[in-house]
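Reviewing the structure listed below.
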Amino acid sequence: MSSSYIGKVDKARRYAEEPDRVYIHTMEASFTGNHNTYRVGYHDGEWRCECAFFATRGICSHIMALQRMLDEMLAGQAAQEEAAV
């Protein structure tokens with residue numbers, strides 16, 4: 001393994017420990033639920049889901065699951081946004 005590759009791996013590890021370096025503007029995922037597969041999206045702080053529950057309530061289990069998965073990073077972004085206001 002080359003030393004330049006090892007350096008990149010070390011740099012990636014450091015970056016991963018500093019989630020405030022990253023701001024997620026847009027993300028789209030396919031989420032396979034119990035009944036169907038839904039497209040879930042995140043755009044500049046707003047979540048969307050194709051499922052019927054989201055259409056009536058503005059939140060759903062698919063979004064809640066992704067929020068749990070990405071919680072630390074999204075919480076850091078929300079804090080940065082609030083501080084900027």
Side-chain angles (χ1 to χ4, degrees):
M1 192 179 315
S2 71
S3 63
S4 62
Y5 183 78
I6 292 169
K8 294 298 182 191
V9 170
D10 287 339
K11 191 176 196 178
R13 186 178 303 119
R14 288 193 314 271
Y15 282 172
E17 293 171 356
E18 300 176 40
D20 59 322
R21 288 178 172 264
V22 177
Y23 183 87
I24 297 173
H25 297 276
T26 301
M27 178 190 75
E28 186 171 292
S30 293
F31 197 108
T32 303
N34 290 338
H35 306 290
N36 208 341
T37 298
Y38 305 101
R39 282 190 6 211
V40 179
Y42 180 85
H43 182 74
D44 288 333
E46 299 290 324
W47 286 97
R48 307 289 300 157
C49 184
E50 293 179 328
C51 76
F53 196 90
F54 179 84
T56 60
R57 305 262 173 51
I59 191 68
C60 65
S61 58
H62 314 109
I63 289 172
M64 287 187 258
L66 285 171
Q67 286 173 326
R68 289 179 72 120
M69 291 176 203
L70 301 169
D71 189 39
E72 182 179 329
M73 184 174 285
L74 293 176
Q77 283 185 198
Q80 287 177 348
E81 290 170 2
E82 287 176 15
V85 174

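Thr56 meets the side chain to side chain donor-acceptor pair (under 3.5 Å) test with no other residue; sequence neighbours excluded. The ring pair (Phe, Tyr, Trp, His ring centres under 6.0 Å) test applied to Phe54 returns no partner, not counting sequence neighbours. Under the side chain to side chain donor-acceptor pair (under 3.5 Å) criterion, Asp10 pairs with Arg13, sequence neighbours left out. Looking at residues two or more places apart in sequence or on another chain, you find a side chain to side chain donor-acceptor pair (under 3.5 Å) between Thr37 and Thr32. Judged as a side chain to side chain donor-acceptor pair (under 3.5 Å), and not counting sequence neighbours, the contacts of Glu28 are Arg39. Partners of Glu46 under the salt bridge (Lys or Arg N to Asp or Glu O under 4.0 Å) rule, at least two apart in sequence or in another chain, do not exist in this structure.
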- request: Tell me, with the steps shown, if Leu66 and Tyr42 meet side-chain contact (heavy atoms from CB on, under 4.5 Å).
  value: CA-CA 10 Å; Leu66 285 171; Tyr42 180 85; over 6 Å; no
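Clustering ILVMFWY residues whenever any of their side-chain heavy atoms sit less than 4.5 angstrom apart, transitively, puts Leu70 in the very cluster that holds Phe31. Hydrophobic clustering keeps Tyr15 apart from Tyr23 (ILVMFWY residues linked when any side-chain heavy atoms are closer than 4.5 Å, directly or through intermediates).
Annotation: the span from Glu50 atom CD to Ser30 atom OG amounts to 8.0 Å, rounded to 0.5 Å. Rounding to the nearest 0.5 angstrom, the gap separating the CZ atom in Arg57 from the SG atom in Cys51 is 10.5 Å.
With contacts defined as side-chain heavy-atom distances shorter than 4.5 Å, the pair Tyr38/Arg48 does not qualify.
Closest non-hydrogen pair, Gly33 versus His62, comes out as CA-NE2, 4.3 Å.
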